[in-house]
Amino acid sequence: MKKVATRFAPSPTGPLHIGGVRTALFNWLYSKNQNGKFYLRVEDTDKERSKEEYKNQIIKSLKWIGINYDEKEYIQSNKIKDHIKIANELLKNGQAYKCYCSSEEIEEQKKRAKQKKIPYIYDRRWRDKSEADAPKNIQPVIRFKSKIDGTSLLKDLVQGDVEIDNNTIEDFIILRNDGTPTYNLSASVDDHLMNVTHIIRGDDHKINTFKQIQIYQAMKWEIPSFAHIPLIHTIEGKKLSKRDKASTLDDYSKIGIMPDALRNYLLRLGWSYKDKEIFTLDESIKLFNLEGIGKSPSKLDMNRILSMNEHYIKSIDENHLFDQLTEYCKLYKNEIQSDKKDKIKESLIFLKNKAKTLEDIFNNGQYIMVDEVNFNKDDIKLIDDKAKKVISDFNTQLGSVDKLNKETLEPIVNELIKSNDTNFKGVGQPLRIALTGSKFGPGIYDIIISLGKEEVRKRLTSKKIS
RNA sequence: GGUCCCUUCGUCUAUCGGUUAGGACACAUGGUUUUCAUCCAUGAAAGAGGGGUUCGAUUCCCCUAGGGACCGCCA
């Protein structure tokens, strides 16, 4: 049995979006599940549109979400000579031919087809013509001699049997008139050279598959297995495109979505294993299979991503969470000052309880990270004279407390409630605003304990609230 | 227009001929709570339509409708 090898083959002509990441994930998981190899192949043969920055973004994205590829990434443009060699071989074997149609001529044919409302397909006019008829002033393209009669059957691992008439596949170009290879040629040759056994890709490639299979057959190569997965759709139900916002990994990471959460979400988008929702990395490798992939396209659901992230925030190890938070703040917010790190880490246990994203944790913990309280404009208005008295009373009482904990603080608060003839809110709210700048936030005891006595007293005597 | 694919709660999905059609997210209500949350409980919510096949169809077949992908000397 041949060792399983899969690949992810994006073209660096735009930022990698979340649909591509899912394709990469499925390929990666399948290879891991089968104890095989997984390669990254950068299809950069479109010199006009390929950009180094996109290539880097792709590599960075895969790394971020934890997909590692075997060997160094393949750069398709390095292999162009191999592709051309195969084209010439096909030409020599009579399985491809030179076509001397000018691009104007082809355009004209397309236009005519459109007018008549019939599907355009190249009319194979050079398929059987002799070289002697070739016009001297035209550089020919090389076309593959596709099958004309009969049907072809694709035994797709996801879609089942798909059969089409061979005459719907035209004699496609494999070498342009500048001598460079086209996608279907390059992809087939590379997949063969890389010993790829399973091609898992979006079902927008299905027609290409019929072309590529013919190349394999013509070259007498072993045909790999194919699995065409349904595309991810936007809320509007259209194919996810590079223009859609919030579709690159960066868009998610900057709002504080964690890699594991997104990985888990993507795994369950179009794939399922019974009723199971949460998969550790190991579980996903162990359980992933092609049978579990659905046949219908699925839509992105931000609520789901958020709630998955929330789940991971609440369930992962706190050291790990802290590391991710630190990294997140460094990248997208302000770096956490080193003297605040311990406090943040200790407070994670309650900061994370109200967070769906790392950004939420950052916001919840802002009051610890800042040196000066930033008051919410509306909330500070709630500090009236009565509130000021509560704050000042509390500060006085605090003076005689050594250890800050719920047991020492609760009696003070209860006492203040009585002496000021109010309820808990009447005490808790002014204190919370004074200490954090907002009436929303963690429990008041958590806030006080996390800040420490000195800092609390400093904030309670701030000019802005007294 | 042609070819191909798809169709279960709003969303992601389970079901592989017999179920009160299950779960998760979101939503609603109630409870806990010292604000906001969390948490817990409860609820509402689905087989596109029409024909077959069958004792019995969400499940198998056909048609219709709707949606999508592809139809480049892009990948």
Show each protein N/O and nucleotides 30-32 of chain B N/O combination with a separation under 3.5 Å, one pair to a line.
none

Strictly under 3.5 Å: I want the nitrogen or oxygen pairs between protein and nucleotides 70-75 of chain B, one per line.
residue : atom : partner  : partner atom : Å
B:C70   : OP1  : A:Lys239 : NZ           : 2.5
B:C73   : O3'  : A:Arg176 : NE           : 3.1
B:C73   : O2   : A:Asn177 : N            : 3.3
B:C73   : O2   : A:Asn177 : OD1          : 3.2
B:C73   : N3   : A:Asn177 : ND2          : 3.3
B:C74   : OP2  : A:Arg176 : NE           : 2.1
B:C74   : OP2  : A:Arg176 : NH2          : 3.2
B:C74   : O5'  : A:Arg176 : NH2          : 3.4
B:C74   : O3'  : A:Arg176 : NH2          : 3.3
B:C74   : O2'  : A:Asp46  : OD2          : 2.6
B:C74   : O2'  : A:Arg49  : NH2          : 3.3
B:C74   : O2   : A:Arg49  : NH2          : 3.0
B:A75   : OP1  : A:Thr45  : OG1          : 3.3
B:A75   : OP1  : A:Arg176 : NH2          : 2.5
B:A75   : OP2  : A:Arg176 : NH2          : 3.1
B:A75   : OP2  : A:Tyr183 : N            : 3.0
B:A75   : O3'  : A:Glu43  : O            : 3.4
B:A75   : O3'  : A:Glu43  : OE1          : 3.0
B:A75   : O2'  : A:Ser11  : OG           : 3.3
B:A75   : N6   : A:Asn208 : OD1          : 3.3
B:A75   : N6   : A:Asn208 : ND2          : 3.1
B:A75   : N1   : A:Asn208 : ND2          : 3.2

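In this structure, A:Ile232 atom CD1 and B:U11 atom C1' are separated by 14 Å, rounded to whole Å. Regarding A:Ile257, its CD1 atom lies at a distance of 16 Å from the P atom of B:C25, rounded to whole Å. Remark: P of B:C40 and CG of A:Asn353 are 12 Å apart, rounded to the nearest angstrom. Atom pair A:Leu240:CG and B:C12:P shows a separation of 14 Å (rounding to whole Å applied). Atom OH of A:Tyr265 and atom C1' of B:A26 are 12 Å apart (whole Å). If you measure from atom CZ of A:Arg432 to atom C1' of B:A37, you get 11 Å, rounded to the nearest angstrom. The distance between atom CZ of A:Phe424 and atom C1' of B:U33, rounded to the nearest whole Å, is 11 Å. Distance A:Asp378 CG to B:C36 P: 17 Å, rounded to the nearest Å.
Nucleotides B:U58 and B:C70 have their C1' atoms positioned 30 Å apart, rounded to a whole Å. B:A65 and B:G49 are spaced 7 Å apart, taking the C1' atom of each and rounding to whole Å. Look at the C1' atom in both B:G66 and B:A75: the space between them is 30 Å, to the nearest Å. Comparing the same atom, P, in B:A48 and in B:A14 gives a spacing of 14 Å after rounding to whole Å. With P as the reference atom, B:G10 and B:C6 are 22 Å apart, rounded to whole Å. Annotation: B:U20 and B:C25 have their P atoms spaced 25 Å apart (nearest Å). Nucleotides B:C5 and B:C60 are separated by 15 Å at their P atoms, to the nearest Å. B:A26 and B:A41 have their P atoms separated by 15 Å, given to the nearest Å.
Judged by distance alone, the side chain of A:Arg143 and the main-chain N or O of A:Asp171 form a donor-acceptor pair under 3.5 Å. Distance alone, capped at 3.5 Å, is enough to place a donor-acceptor pair between the A:Asp251 side chain and the A:Ser247 backbone. Checked by atom type and distance alone, the side chain of A:Ser146 pairs as donor or acceptor with a backbone atom of A:Glu170 at under 3.5 Å. In terms of modelled atom types and a separation under 3.5 Å, the side chain of A:Asn184 and the main chain of A:Lys211 share no donor-acceptor contact. With hydrogens and angles ignored, the 3.5 Å screen pairs no side-chain donor or acceptor of A:Ser272 with any backbone N or O of A:Arg268. A:Asp360 contributes a side-chain N or O that, together with a main-chain N or O of A:Thr357, makes up a donor-acceptor pair within less than 3.5 Å. With hydrogens and angles ignored, the 3.5 Å screen pairs a side-chain donor or acceptor of A:Asn27 with a backbone N or O of A:Thr23.
Ring-centre distance between A:Tyr328 and A:Phe362: not below the 6.0 Å cut-off.
In this structure, A:Ser298 reaches the B:U13 phosphate: one of its side-chain N or O atoms is under 4.0 Å from OP1 or OP2. At the phosphate of B:C6, OP1 or OP2 sits under 4.0 Å from a side-chain N or O atom of A:Lys295. At B:G23, none of the side-chain N or O atoms of A:Lys274 fall inside 4.0 Å of OP1 or OP2 (strictly under the cut-off).
Here A:Gly443 lies in heavy-atom contact (under 4.0 Å) with a base. Across all strands, A:Tyr445 comes closer than 4.0 Å to base atoms (heavy-atom distances). Among the heavy atoms of the strands, none lies under 4.0 Å from A:Gly294. Across all strands shown, A:Lys276 has no heavy atoms under 4.0 Å from either base or sugar-phosphate atoms. Residue contacts shown for A:Pro442 include a base, since a base heavy atom lies under 4.0 Å away. Here A:Gln159 lies in heavy-atom contact (under 4.0 Å) with sugar-phosphate atoms only. Contact annotation for A:Glu48: no contact, since no heavy-atom pair falls under 4.0 Å across all strands.
Salt-bridge check for A:Asp123 with A:Arg125: passed, with a basic side-chain N closer than 4.0 Å to an acidic carboxylate O.
With B:A14, B:U35, B:C12 as the candidates, the nucleotide lying closest to the side chain of A:Phe440 is B:U35. If you check B:G23, B:U7, B:U38 against the side chain of A:Ser296, the one that comes closest is B:U7. Side chain of A:Asp275, nearest nucleotide from B:U13, B:G22, B:U34: B:G22.
Across A:Arg41, A:Lys79, A:Arg7, a single residue satisfies salt bridge (charged side-chain N to carboxylate O under 4.0 Å, His left out) together with A:Asp190, and that is A:Arg41. Between A:Trp271 and the options A:Tyr30, A:Phe288, A:Phe26, a ring-ring contact (aromatic ring centres under 6.0 Å, His included) holds for only A:Phe288.
Across all strands shown, B:G2 pairs with B:C70; the Watson-Crick or G-U wobble distances both stay below 3.5 Å. B:A28 is paired with B:U42 under the criterion used here, namely a Watson-Crick or G-U wobble arrangement in which both key atom distances are under 3.5 Å.
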